[in-house]
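First up is the structure itself, then whatever we jot down about it.
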Amino acid sequence: MLDVYMQRFEHPYLLALVPIAAGLLGLSALAQSLGSYQAAGFLALYAMVAMIICTIGYGAIITLTYSTQKLQEWRIGRSGMD
């Protein structure tokens, strides 16, 4: 099962942060409805941090993939062997 995710996504553990963040936001809404505003704030903060880490991680993976591809194309073009 993990192999299927690895073919589709570069790093499945980063993708796992999305449902975790959704769960934290749900717990935050529950805590707020129960009147615990401080706990709700911290849970929402942790959810946003998880989404920021996910965004930065996928941005880095995409950047590395693109730069590696361009570097390979540059090396092939520079070698003169098409």
Side-chain angles (χ1 to χ4, degrees):
M1 179 87 169
L2 187 61
D3 295 335
V4 174
Y5 286 119
M6 287 299 287
Q7 290 174 1
R8 176 69 178 99
F9 305 105
E10 294 291 329
H11 203 299
Y13 299 117
L14 279 175
L15 186 66
L17 287 175
V18 175
I20 290 171
L24 288 173
L25 278 176
L27 287 174
S28 174
L30 179 67
Q32 185 176 2
S33 68
L34 293 175
S36 180
Y37 298 112
Q38 186 174 8
F42 279 112
L43 287 169
L45 176 68
Y46 292 146
M48 291 302 114
V49 167
M51 290 309 299
I52 290 170
I53 290 171
C54 184
T55 303
I56 290 172
Y58 272 112
I61 288 171
I62 290 169
T63 301
L64 286 173
T65 303
Y66 180 75
S67 64
T68 302
Q69 179 185 3
K70 291 300 175 185
L71 181 62
Q72 287 175 349
E73 290 174 5
W74 177 76
R75 285 181 177 171
I76 290 171
R78 189 168 183 233
S79 69
M81 297 174 60
D82 291 329

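In this chain, numbering begins with 1 at the start of the sequence shown.
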Hey, any chance [X] and [Y] share a hydrophobic cluster, counting ILVMFWY side chains that come within less than 4.5 Å of each other, even indirectly?
{"X": "Y37", "Y": "F42", "result": "no"}
{"X": "L17", "Y": "V49", "result": "yes"}
{"X": "I20", "Y": "L27", "result": "yes"}

- Query: So, do W74 and K70 sit near enough that their side-chain heavy atoms are less than 4.5 Å apart?
  - Reply: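 The answer is no, as the side chains (C-beta and beyond) never meet within the 4.5 Å cut-off.
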Looking only at heavy atoms, which two atoms of [X] and [Y] are closest? And how far apart?
{"X": "L64", "Y": "T68", "value": "O-OG1, 2.7 Å"}
{"X": "V18", "Y": "C54", "value": "CG2-SG, 4.0 Å"}
{"X": "A47", "Y": "L25", "value": "CB-CG, 3.7 Å"}

Problem set entry | Atom CD of Q38: over 12 foreign heavy atoms under 6.0 Å |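 12 or below, so no.
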(Q) What's the separation between atom CD1 in I56 and atom OG1 in T63, rounded to the nearest 0.5 Å? (A)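 I56 CD1 to T63 OG1: 11.5 Å, rounded to 0.5 Å.
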